[in-house]
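Shown next, in structure tokens, is the structure this report addresses.
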Amino acid sequence: MVIPLITLAPGASLVPYPAMLDVSHELVEHVSWLLYERRREIKSPWRRLSCFKQALLALAHLRKNETFAQVGAGFGVSEATAWRYVDETLEVLAAWAPGLHEALVGLGEGDFVIVDGTLIPTDRIRADEPYYSQKHRRHGMNVQVIARPDDTPLWFSRALPGRTHDLTEARAHGIVQACLTRQILVLADRAYQGAGATVRTPYYRHREQPEHYKQFNRDHAHLRAPGERAFAQLKSWKLLRHTRCSTNRIGSVVRAIHTLLTCTYSG
């Protein structure tokens, strides 16, 4: 997919140039169809950009983390208009992301999922203590994922301040209780020790333990690997590698990208 983006040199004006966007044409068409339905719903048929170009602008912002000024210049609209287009697209996409219980439909006793957490880095100063993660040594927002054994992400949580512990967040979102209710086995790392219920974590100090403990940890790590790949897919959208938006919007961004990932899998 070729789109007009821009480069910015000191003292220079914004200059459009052709660039490639590594998403499928079918994905852009699907997002544009959702935007078309949105425009019909709110009775707003005319816009500066077509539904297809609005979808392309929003995907470029998410995929490449270009600023609103940059993508706006590339598509011939103002920075404010680019922000409105992206915000509307995020709202439309996020509405299609499944809730926790919806994501677990079809799973039950005999099934297992991988639960893990990641930090979405943000622009914050040292004084913003709630957002500072001691584990990662940087500011950000904590997001939890539930993934299938084949690395398909089933559900992403809303974002909480970076210093929130993974187990605290899993309990706050109801992940532990929801999986217990359905008798779904949960594989998680040591950050979730003490969760109880159906959550299984590695043994501490496994080198000092019997061989079968070591084998358990090796098997556990092998089965948990898809959880890491689920986050890798999420962060292939570069906006989430270092966000500049309000921390209140990160949850919406994550849900919107989850919808895009779901479209990619179904396609």
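Note that the structure is a prediction, hence the values are computed from the model and not measured. Hydrogens, waters and symmetry mates are skipped; everything else that's a heavy atom, side chains included, is used.
To the nearest 0.5 Å, the span separating OG1 on Thr243 from CG on Asn65 amounts to 8.0 Å. Separating the CD1 atom in Ile114 from the CG atom in Leu185 is a distance of 9.5 Å, to the nearest 0.5 Å. A distance of 15.5 Å separates CZ of Arg229 from CG of Leu234, quoted to the nearest 0.5 Å. The line from OG1 of Thr67 to NE2 of His61 is 8.5 Å long, rounded to the nearest 0.5 Å. Here Ile42 contributes atom CD1 and Glu88 contributes atom CD; the two are 5.0 Å apart, rounded to the nearest 0.5 Å. Taken from CG in Leu34 to OG1 in Thr259, the straight-line distance is 8.5 Å, to the nearest 0.5 Å.
No more than 12 heavy atoms of other residues, nucleotides or ligands lie within 6.0 Å of CZ in Arg48, so this atom counts as exposed by the packing criterion. By the neighbour-count criterion of 12 heavy atoms within 6.0 Å, atom NE2 of His101 is sparsely surrounded, having that number or fewer from other residues, nucleotides or ligands. Remark: Tyr36 OH is loosely packed, at most 12 non-hydrogen atoms of other residues, nucleotides or ligands lying under 6.0 Å away. Other residues, nucleotides and ligands contribute more than 12 heavy atoms inside 6.0 Å of the CZ atom of Arg244. Within a 6.0 Å radius of NE2 in His212, more than 12 heavy atoms belonging to other residues, nucleotides or ligands are found. Counting heavy-atom neighbours within 6.0 Å of Lys238 NZ, excluding the residue itself, gives a total of 12 or less.
Ring geometry for Phe156 versus His258: interplanar angle over 60°, hence perpendicular rather than tilted (30 to 60°).
Judged by distance alone, with hydrogens and angles left aside, the side-chain atoms of Gln193 form a donor-acceptor pair with the main-chain N or O of Pro202 at under 3.5 Å. Remark: the backbone N or O of Ile184 is paired with a side-chain donor or acceptor of Thr198 at under 3.5 angstrom. In this structure, Thr168 contributes its side chain and Thr164 its backbone to no donor-acceptor pair below 3.5 Å. Within the 3.5 Å criterion, the main-chain N or O of Leu49 finds a donor-acceptor partner in the side chain of Tyr85. Checked by atom type and distance alone, the side chain of Glu66 never pairs as donor or acceptor with a backbone atom of Gly74 at under 3.5 Å. Side-chain atoms of Asp219 never come within 3.5 Å of backbone atoms of Phe216 as a donor-acceptor pair (strictly under, hydrogens ignored).
When side chains are defined from C-beta on, Arg138 counts as touching His242, because their heavy atoms get closer than 4.5 Å. The shortest distance between side-chain heavy atoms of Val199 and Leu167 does not fall below 4.5 Å. Arg190 has its side chain out of reach of Thr201: every pair of non-hydrogen atoms, C-beta onward, lies at least 4.5 Å apart. You'll find the side chain of Leu260 reaches within 4.5 Å of the side chain of Leu62, heavy atoms only. Thr81 has its side chain out of reach of Phe75: every pair of non-hydrogen atoms, C-beta onward, lies at least 4.5 Å apart. Counting heavy atoms from C-beta outward, Val31 and Leu93 have side chains that approach closer than 4.5 Å. Using a 4.5 Å heavy-atom cutoff, the side chains of Phe112 and Leu223 are in contact. Counting only heavy atoms from C-beta outward, the side chains of Arg148 and Leu107 approach each other to under 4.5 Å.
When the side chains of ILVMFWY residues are joined at heavy-atom separations under 4.5 Å, either directly or via intervening members, Leu104 and Leu187 end up in two distinct hydrophobic clusters. A continuous path of hydrophobic side-chain contacts links Val23 to Trp33 [ILVMFWY only; heavy atoms under 4.5 Å]. Hydrophobic clustering, with ILVMFWY side chains joined whenever heavy atoms are under 4.5 angstrom apart, keeps Val115 apart from Val254. Put simply, Val143 and Val176 are part of two different groups of oily side chains (I, L, V, M, F, W, Y) that touch within less than 4.5 Å, one to the next. Residues Val253 and Leu27 are members of one and the same hydrophobic cluster, defined by side-chain heavy-atom contacts under 4.5 angstrom among Ile, Leu, Val, Met, Phe, Trp and Tyr.
Under 3.5 Å, the side chains of Gln54 and Arg38 contain no donor-acceptor pair of N or O atoms. Looking only at atom types and distance, the side chain of Arg63 has a donor-acceptor partner in the side chain of Ser236 under 3.5 Å away.
We find that Arg249 and Asp87 are joined by a salt bridge, their nearest charged nitrogen and carboxylate oxygen being less than 4.0 Å apart.
Nearest approach of His165 to Ala191, heavy atoms of both residues: CE1-O, 2.7 Å. Contact record, Phe68 with Ala82: O-CB, 3.6 Å, taken as the closest heavy-atom pair. Residues Trp237 and Leu261 share a closest heavy-atom pair of NE1-CD2, 3.9 Å.
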Point to revise | Worked verdict on Val77 versus Leu57 for side-chain contact (heavy atoms from CB on, under 4.5 Å) | key: CA-CA 10 Å; Val77 297; Leu57 182 152; 4.1 Å; yes
Review point. What do the steps show when you test Leu100 against Ile146 for side-chain contact (heavy atoms from CB on, under 4.5 Å), and what is the final call?
Key: CA-CA 9 Å; Leu100 175 58; Ile146 299 178; 3.5 Å; yes
Review point. Between His25 and Phe52, does a side-chain contact (heavy atoms from CB on, under 4.5 Å) hold up when you go through it step by step?
Key: CA-CA 10 Å; His25 191 275; Phe52 187 87; 3.7 Å; yes
Exercise for review: Under the side-chain contact (heavy atoms from CB on, under 4.5 Å) rule, what do Lys235 and Ile120 come out as? Steps first, then yes or no, please.
Suggested key: CA-CA 9 Å; Lys235 290 187 178 180; Ile120 306 297; 3.9 Å; yes
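No option in His173, Gln144, Met141 other than His173 meets the side chain to side chain contact (heavy atoms under 4.5 Å, CB included) test with Leu160.
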